[in-house]
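This one's a predicted model, so the numbers in the text were calculated from it and none came from an experiment.
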Amino acid sequence: MTKKVLILGAAGEISRMLIARLLKESDVELVLYGRNVSRRLASLVGPRVELVDGTFSESEKLVAALSGVDLVYLNSMSRAADTKSVIAALEAAGVSRLIGATIAGIEAEVPSGLASWTQANLPSSYIEGEVASANLVKNSSLDYTLLRLTWLFNDESDRGYELVPSGTEFADAEVSRQGVVAAILAIMETEGTKYYRQSLGVGKPNTHYDKPSFY
């Protein structure tokens, strides 16, 4: 059972939502790591929370933050060099379990209409960074779960999601951040190795559009 979780990129929107639910609904200890988190997340200081200011490129600081950690959630994979540093730190610290958030389309699994719209609305360097990062994780020794997130919106009343495995067309155009957090929590709580070394699309069912409905 997971007792201690390290959240990398802890000040991001999904991370903050995940932190709030973990603190409310579990008894796990949290290490919150990111740029200026001691200021940005100061209100979260408590007996179950440790704040660590740092970047993903600071290898020694990452290894130190991994002490006693059972599971890592990585909130950003847009820079391959940073992802490489994170992987090396996990391997050096002997921590194998990683849940990483990436984007839909990195496996050419998205229908052409939605794929074209995504390519037109995201910088090519960002997409290339996500693809390279995902490949680094897949080629590592880690027990990873990659979450390929489609386009995101906020709606506290909408926590619906589905998980679409690799090798299957992933046509969902959108999902709420709250739904993504629900998926992360469900994966964290699953005993055994069901989701190990898996890449899963995370989307809202029946949203097979050529672009998200909120654009």
Side-chain angles (χ1 to χ4, degrees), residues 1-23 25-102 129-130 132-147 149 180-181 183-200:
M1 183 177 294
T2 300
K3 294 295 186 182
K4 190 173 184 179
V5 174
L6 169 63
I7 298 181
L8 298 174
E13 281 190 84
I14 290 174
S15 291
R16 288 175 185 253
M17 294 177 187
L18 177 61
I19 292 162
R21 290 198 59 184
L22 284 169
L23 288 175
E25 300 171 20
S26 79
D27 59 359
V28 300
E29 296 178 32
L30 297 176
V31 182
L32 309 182
Y33 186 105
R35 293 180 184 272
N36 302 315
V37 292
S38 61
R39 174 179 56 81
R40 299 164 73 188
L41 303 180
S43 64
L44 297 177
V45 171
R48 291 167 52 200
V49 175
E50 176 186 356
L51 303 179
V52 181
D53 293 326
T55 65
F56 294 169
S57 63
E58 294 181 89
S59 301
E60 292 184 5
K61 190 173 285 188
L62 279 172
V63 171
L66 284 158
S67 178
V69 164
D70 304 299
L71 180 149
V72 175
Y73 170 67
L74 175 59
N75 192 58
S76 175
M77 293 177 57
S78 60
R79 288 175 51 86
D82 286 347
T83 303
K84 184 176 181 179
S85 176
V86 169
I87 293 168
L90 266 74
E91 292 177 337
V95 178
S96 63
R97 188 72 178 106
L98 172 71
I99 298 175
T102 181
E130 295 280 354
S133 287
N135 287 334
L136 286 168
V137 171
K138 290 176 182 179
N139 290 325
S140 75
S141 63
L142 302 177
D143 294 323
Y144 65 83
T145 306
L146 287 177
L147 303 180
L149 309 183
V180 172
V181 170
I184 295 169
L185 288 170
I187 291 168
M188 284 184 173
E189 292 165 0
T190 300
E191 298 290 342
T193 61
K194 178 179 179 179
Y195 294 113
Y196 284 20
R197 300 190 69 81
Q198 297 288 318
S199 170
L200 303 168

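- In terms of modelled atom types and a separation under 3.5 Å, the side chain of Arg48 and the main chain of Leu30 share no donor-acceptor contact.
- The side-chain heavy atoms of Val31 and Leu66, taken from C-beta on, include no pair separated by under 4.5 Å.
- For the pair Leu62 and Leu8, the minimum side-chain heavy-atom distance is below 4.5 Å.
- In this structure, the side chain of Ser38 does not engage the main chain of Leu51 through any donor-acceptor pair within 3.5 Å.
- Of all non-hydrogen atoms in Glu130 and Ala101, the two that sit nearest each other are OE1-O, 4.3 Å.
- Defined by atom type and a distance below 3.5 Å, a donor-acceptor pair is missing between the side-chain atoms of Ser140 and Glu91.
- Side-chain contact between Leu41 and Arg16 is present, with heavy atoms from C-beta onward closer than 4.5 Å.
- Looking at heavy atoms from C-beta onward, Leu90 lies out of side-chain contact with Arg97 at the 4.5 angstrom threshold.
- Contact detail for Ser133 and Met77: the closest heavy-atom pair is OG-O, 2.9 Å.
- Between the OH atom in Tyr195 and the OG1 atom in Thr190 there is a gap of 4.5 Å [rounded to 0.5 Å].
- In terms of heavy-atom proximity, Leu32 sits nearest to Ala10 at CB-CB, 3.7 Å.
- Of the possible polar contacts, none joining the Ser85 side chain to the Ala81 backbone as a donor-acceptor pair under 3.5 Å is found.
- Proximity of Leu185 to Glu25: side-chain heavy atoms (C-beta onward) are separated by under 4.5 Å at one or more points.
- Proximity of Arg21 to Ile184: side-chain heavy atoms (C-beta onward) are nowhere separated by under 4.5 Å.
- Within a 6.0 Å radius of NZ in Lys61, more than 12 heavy atoms belonging to other residues, nucleotides or ligands are found.
- At distances below 3.5 Å, not a single donor-acceptor pair connects side-chain atoms of Arg35 with backbone N or O atoms of Thr55.
- Counting heavy-atom neighbours within 6.0 Å of Glu60 CD, excluding the residue itself, gives a total of 12 or less.
- Proximity of a side-chain donor or acceptor of Asp143 to a complementary backbone N or O of Ser96 within less than 3.5 Å is not detected.
- Looking at Ile187 and Leu147, their side chains come closer than 4.5 Å, going by heavy atoms from C-beta outward.
- Within the model, atoms CG of Leu149 and CG of Leu200 stand 10.5 Å from one another, a figure rounded to the nearest 0.5 Å.
- For the atom pair OG (Ser57) and CZ (Arg79), the distance works out to 8.0 Å, reported to the nearest 0.5 Å.
- Listed for the Ser67 side chain is no donor-acceptor partner under 3.5 Å among the backbone atoms of Val63.
- Put simply, the side chain of Leu74 does not reach to within 4.5 Å of the side chain of Val137, judged on heavy atoms.
- Thr145 contributes atom OG1, which lies 10.5 Å from atom CZ of Arg197 (distance to the nearest 0.5 angstrom).
- Considering CD1 of Ile99 and CD1 of Ile7, their distance stands at 10.0 Å, rounded to 0.5 Å.
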